[in-house]
Amino acid sequence: LFARREGGTHILRIEDTDVERSREELSQQVLSAMDWLGVPYDEGPYFQSKRYDLYRAAAQRLLAEGKAYRAFETPEELDAERKKAEAQGRAYRYSGAGRQIDPGESERRARAGDRHVIRLAMPAETIVVDDLIRGRVEFPADALDDFVLVRSDGHPLYHFSAVVDDADMKISHVIRGDDHLANTPKHVALFRALGAPIPKFAHLGMILGTDRKKLSKRHGAAAVEEWRDQGILPEALVNFLALLGWAPGDNREVLTREEMEREFSLDRVGASPSVFDPEKLLWMNAQHMARMPAEELLARSEPYATSGMPPKDAALKAIELHRTRARTPIEMGRALSTYARDPESYDPDGMKKQVKPETAALLEKLMARYETTSPWAVEALEPALRQVAEESGVSASKLIHPTRLALTGTTVGAPLFDVAALLGKETALRRLRKFVEVIRTQTGS
RNA sequence: GGCCCCAUCGUCUAACGGUUAGGACACGGCUCUUUCAAGGCCGGAGCGCGGGUUCGAUUCCCGCUGGGGCCA
């Protein structure tokens, strides 16, 4: 939203340098989730796993300029140091021993195949991060030690590859989760060491689960797909997510992509974390369905009409009948199918409560009347039924409820006469006839 | 453990020193009604605590508490 609003370039970069956690299919999952969400990018995707030369060159340059150095401690040695610090009740920091090694000596040992990591020589000064959302944040020098840029197996670490790429791609704004704020002084120091301009930073509050635990990045892409599979519309999900932390300020909540792109501003983004409420997401989904053109809603629901679709003109009418009753295209698809296939069973509670001894006879009277009712439309169907009820000395509801059960198999749904009209005379009468048969068999009358 | 961030109804949020603290989800009631929804109306529900600053603090500062994160 920020890139769109500012007329910037949104670049997609896949950070897949962690060999254990990065697998091809996970990258594909991210890509397809972005695609489904309709989040466009202007450039990329770039894969860090294909940019190792760049990181290697940057590491060599920092080494040559004395801004980074090799450190030869073994994991065991470091572990011992850590334990010692712990025993003494001190906070552990890397000793910085590698800084003392003469560059020529360092070079020789590296060539001889001594295992080593490459660390950044952190400046001994407070690092200030100017955050667009949080303001000025200071990190005292003694809180940061010389962190590792390149592991002993030659793999660049996240902080290093990310900054090298940000510099290379001339990233102007880094907008990311709050969890990275504490890493930012490292990044600032790295940008400086690289001689690159420091981008603007904006750290967003994190999104928490209902259990108040963080919604993990690793589960992120999978979750997007789960929402999709549950019938959440991408525009509803994007709208909902945008509103976690940002608000246009005038009480509007249901927004189109265009509105958000036009109005988004970091000034109006809050710093506090927010809990993801699936209930409200569902409401948001229904709101977007309510506003969607019928044709579009039909197209999105059709895949879920797994037991048949009515003809298109009927389907479009059914959409209007059910759009306030369905919260997802999945529910809508199911509703559409009821117009194409006769009920195979009837709601048991409805059978118990609405089917009385006289019901079959009443329905037969109704069927007889409906044989001659014309036109087959709400204006004629409703008075006809009410008349039959009156002539039989029963309330209209004694006829309405069993009829709904006969036509749809359920006790709830769209207004009965609209349903009957949409079904058409032949289908409606067939369903009534079948229902009467069923109840006559059941009651043995 | 060290460092950092955050703090308004259960949840998402508005408010940028003076408001009966507004809206939304959820919840309850009423209404509409052939059912269920949707819609409309009404209601319950919040400034974590303690100090300052100020004529006046939800709002600014400090501390505490609580939650979260990073590093290890």
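As the structure is a prediction and not an experimental result, all values here were calculated from the model. Proteins get letters first, then strands, A, B, ... in listed order; numbering begins at 1 in each.
- Contacts of A:Leu243 with the nucleic acid, taken as non-hydrogen atoms under 4.0 Å apart, involve only primed sugar atoms and P, OP1 or OP2.
- With respect to the salt-bridge test (charged N to carboxylate O, under 4.0 angstrom), the residues A:Arg134 and A:Asp178 qualify.
- No contact: A:Gly205 has no heavy atom under 4.0 Å from any strand.
- Considering only the side chain of A:Pro140, B:C4 comes nearest among B:C4, B:C71, B:U34.
- Here A:Arg386 pairs with A:Glu382 in a salt bridge; the nearest charged N to carboxylate O distance falls below 4.0 Å.
- With a cut-off of 3.5 Å on both Watson-Crick or G-U wobble distances, the partner of B:C16 is given as none.
- Residue A:Ile400 contributes atom CD1, which lies 13 Å from atom P of B:C36 at whole-angstrom precision.
- A:Phe240 has its CZ atom 9 Å from the C1' atom of B:C25, to the nearest Å.
- Here the P atom of nucleotide B:G68 and the NE2 atom of A:His180 are 19 Å apart, to the nearest Å.
- A donor-acceptor contact under 3.5 angstrom links the side-chain atoms of A:Arg325 to the base of B:C36.
- Closest contact between the side chain of A:Ala143 and the listed nucleotides B:C3, B:U35, B:U34 involves B:C3.
- In this model, the phosphate group of B:C16 is not approached by any side-chain N or O of A:Arg268 to a distance below 4.0 Å at OP1 or OP2.
- Comparing the C1' positions of B:U54 and B:C62 gives an interatomic distance of 16 Å, to the nearest angstrom.
- The aromatic rings of A:His180 and A:His187 lie tilted to each other, with the angle between the two planes from 30° to 60°.
- Under the Watson-Crick or G-U wobble criterion, with both distances below 3.5 Å, B:U33 is left unpaired in every strand shown.
- Taking atom CZ of residue A:Arg176 and atom C1' of nucleotide B:C5, one finds them 14 Å apart after rounding to whole Å.
- Using a 4.0 Å heavy-atom cutoff across all strands shown, A:Arg404 reaches at least one base atom of the nucleic acid.
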**Prompt:** What's the verdict on salt bridge (charged side-chain N to carboxylate O under 4.0 Å, His left out) for A:Lys434 and A:Asp342, showing C-alpha distance, side-chain angles and the deciding distance?
**Reply:** CA-CA 9 Å; A:Lys434 184 178 164 197; A:Asp342 293 352; 5.6 Å; no
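- The same atom, C1', is picked in B:A14 and in B:C47; the two are 13 Å apart, to the nearest Å.
- Using P as the reference atom, B:G44 and B:A21 are 14 Å apart when rounded to the nearest Å.
- A residue-by-residue look at A:Met206 and A:Leu181 shows that A:Leu181 has its nearest nucleotide of RNA chain B further toward the 5' end.
- When heavy atoms are screened at a 4.0 angstrom cut-off, A:Phe139 is found touching the sugar-phosphate backbone but no base atom.
- One atom, CH2 of A:Trp246, and another, P of B:A14, lie 11 Å apart when rounded to the nearest Å.
- Of the P atoms belonging to B:G29 and B:G48, the separation is 31 Å, rounded to the nearest Å.
- Ranking B:C70, B:U35, B:C4 by closeness to the A:Ala182 side chain, first place goes to B:C70.
- Residue contacts shown for A:Ala247 are limited to sugar-phosphate atoms, with no base heavy atom under 4.0 Å away.
- The cationic atom of A:Arg99 (NZ for Lys, CZ for Arg) does not lie both less than 6.0 Å from the six-membered ring centre of A:Tyr69 and within 45° of the ring axis.
- Nucleotides B:G51 and B:U59 are separated by 14 Å at their P atoms, to the nearest Å.
- Toward the 5′ end of RNA chain B lies the nearest nucleotide of A:Arg252, the other residue of the pair A:Arg252 and A:Thr324 mapping further downstream.
- Using a 4.0 Å heavy-atom cutoff across all strands shown, A:Pro185 reaches no nucleic acid atom at all.
- Base pairing analysis places B:G28 opposite B:C42; the two distances defining the Watson-Crick or G-U wobble pair are each below 3.5 Å.
- If you check every strand for non-hydrogen atoms under 4.0 Å, A:Arg93 touches nothing.
- Only the C1' atoms considered, B:C49 is 15 Å distant from B:A57, to the nearest whole Å.
- With B:C71, B:C3, B:A72 as the choices, the nucleotide that has an atom nearest any side-chain atom of A:Tyr92 turns out to be B:A72.
- Here the P atom of nucleotide B:A38 and the CE atom of A:Met332 are 14 Å apart, to the nearest Å.
- Nucleotides B:C4 and B:G52, compared at atom P, are 26 Å apart to the nearest Å.
- When rounded to the nearest whole Å, the span between CD of A:Glu253 and P of B:G22 equals 16 Å.
- By the 4.0 Å N-to-carboxylate-O rule, A:Lys83 lies too far from A:Glu81 to be salt-bridged with it.
- B:U54: no Watson-Crick or G-U partner with both key distances under 3.5 Å is found in any strand.
- B:C71 is paired with B:G1 under the criterion used here, namely a Watson-Crick or G-U wobble arrangement in which both key atom distances are under 3.5 Å.
- The environment of NZ in A:Lys200 is sparse: at most 12 heavy-atom neighbours from other residues, nucleotides or ligands sit within 6.0 Å.
- The partner of B:G63 is B:C49, judged by Watson-Crick or G-U wobble contacts that both fall below 3.5 Å.
- Ring geometry, A:His173 versus A:Phe2: the interplanar angle falls from 30° to 60°, so the pair is classed tilted.
- When Watson-Crick and G-U wobble pairs are counted only if both distances are under 3.5 Å, B:U8 pairs with no nucleotide at all.
- Cation-pi contact between A:Arg119 and A:Tyr94: present, with separation from the ring centre below 6.0 Å and deviation from the ring axis of at most 45°.
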**Request:** Applying salt bridge (charged side-chain N to carboxylate O under 4.0 Å, His left out), run through A:Asp130 and A:Arg136 and close with a yes or a no.
**Result:** CA-CA 5 Å; A:Asp130 246 314; A:Arg136 185 186 162 94; 5.3 Å; no
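- Rounded to whole Å, the separation between the C1' atoms of B:G10 and B:A26 comes to 8 Å.
- Counting any heavy atom pair closer than 4.0 Å across all strands shown, A:Lys83 reaches no nucleic acid atom.
- One atom, NE2 of A:His401, and another, C1' of B:U33, lie 10 Å apart when rounded to the nearest Å.
- Comment: A:Glu296 engages A:Arg300 in a salt bridge, judged by a side-chain N to carboxylate O separation of less than 4.0 angstrom.
- RNA chain B is contacted by A:Ala271, A:Ser272, A:Pro273, A:Ser274, A:Val275, A:Asp277, A:Glu279, A:Lys280, A:Trp283, A:Gln287 of residues 269-295 of chain A, taking any non-hydrogen atom closer than 4.0 Å.
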